[in-house]
Amino acid sequence: MGEAFSEDHLMKIIWMEWKTVPDEHSFGHGVHFHDSRKSCDMSLVAWLEGYEWLHGNPDTVQIWCITPDAITTASSLTVMKRDITAYVQSKKVPCGKISPNIQACPNA
């Protein structure tokens, strides 16, 4: 028999940093995260690809994000990462404002 899902099983989140932020229109299903303080064409700060983490029970989930900058500081990213991690590990799709300046936009 296979392993049963355990409530105390927490997915490990692996944060990857983009060297160059891709065009947000090139993504498929998943969740975009935007910093509301940035202009629309430069607001993408993180990307959670797909929904396997929601429907399955993977050991790890990879999430892409920007490197800190003058607007989205290391401190802002730390808060964002903490909040996204909580959503993913509790298997809840983030939507709308998830931290002071970060908006989550699911793309199904």
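Being a predicted model, the structure only gives us computed values, none of them experimental.
Considering only residues two or more places apart in sequence or on other chains, S75 meets the side chain to side chain contact (heavy atoms under 4.5 Å, CB included) condition with T73. With sequence neighbours excluded, the residues that form a side chain to side chain contact (heavy atoms under 4.5 Å, CB included) with I71 are D35, R37, K38, D69. By the side chain to side chain contact (heavy atoms under 4.5 Å, CB included) test, K19 is found to be paired with no residue, residues two or more places apart in sequence or in another chain being considered. Residues that satisfy the side chain to side chain contact (heavy atoms under 4.5 Å, CB included) test with T60, not counting sequence neighbours, are K12, I14.
Within the 4.5 Å cutoff, the side chain of M16 has no heavy atoms near those of the C65 side chain.
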Donor-acceptor pairs under 3.5 angstrom involving side-chain atoms of residues 95-108: please list them, not counting sequence neighbours.
from: Q103; atom 1: OE1; to: K97; atom 2: N; distance (Å): 3.3
from: N107; atom 1: ND2; to: G28; atom 2: O; distance (Å): 2.9

### Stepwise side-chain contact (heavy atoms from CB on, under 4.5 Å) check, F27 with L44
CA-CA 12 Å; F27 296 113; L44 183 66; 3.6 Å; yes
### Message
side-chain contact (heavy atoms from CB on, under 4.5 Å), that's the test. Do W64 and L48 meet it? Break it down for me.
### Response
CA-CA 7 Å; W64 288 89; L48 169 56; over 6 Å; no
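In this structure, the separation between CH2 on W18 and OG1 on T67 is 10.5 Å, given to the nearest 0.5 Å. If you take OG1 on T72 and CE on M80, they are separated by 8.0 Å, rounding to the nearest 0.5 Å. Of the inter-residue distances, the one linking W15 atom CH2 with L77 atom CG reads 8.5 Å to the nearest 0.5 angstrom.
Tested against V61 for a side chain to side chain contact (heavy atoms under 4.5 Å, CB included), the candidates I84, I13, L54 yield a single pass: I13.
Residues Y87 and V45 share a hydrophobic cluster, clusters being chains of Ile/Leu/Val/Met/Phe/Trp/Tyr side chains in contact below 4.5 Å. Cluster annotation: I63 and V79 are assigned to distinct hydrophobic clusters (Ile/Leu/Val/Met/Phe/Trp/Tyr, side-chain heavy-atom contacts under 4.5 Å, transitive).
Under the side chain to side chain donor-acceptor pair (under 3.5 Å) criterion, the residue pairs touching residues 42-56 are H34-S43, with sequence neighbours excluded.
Listed here is the closest heavy atom pair of Q89 and M11: NE2-O, 2.6 Å.
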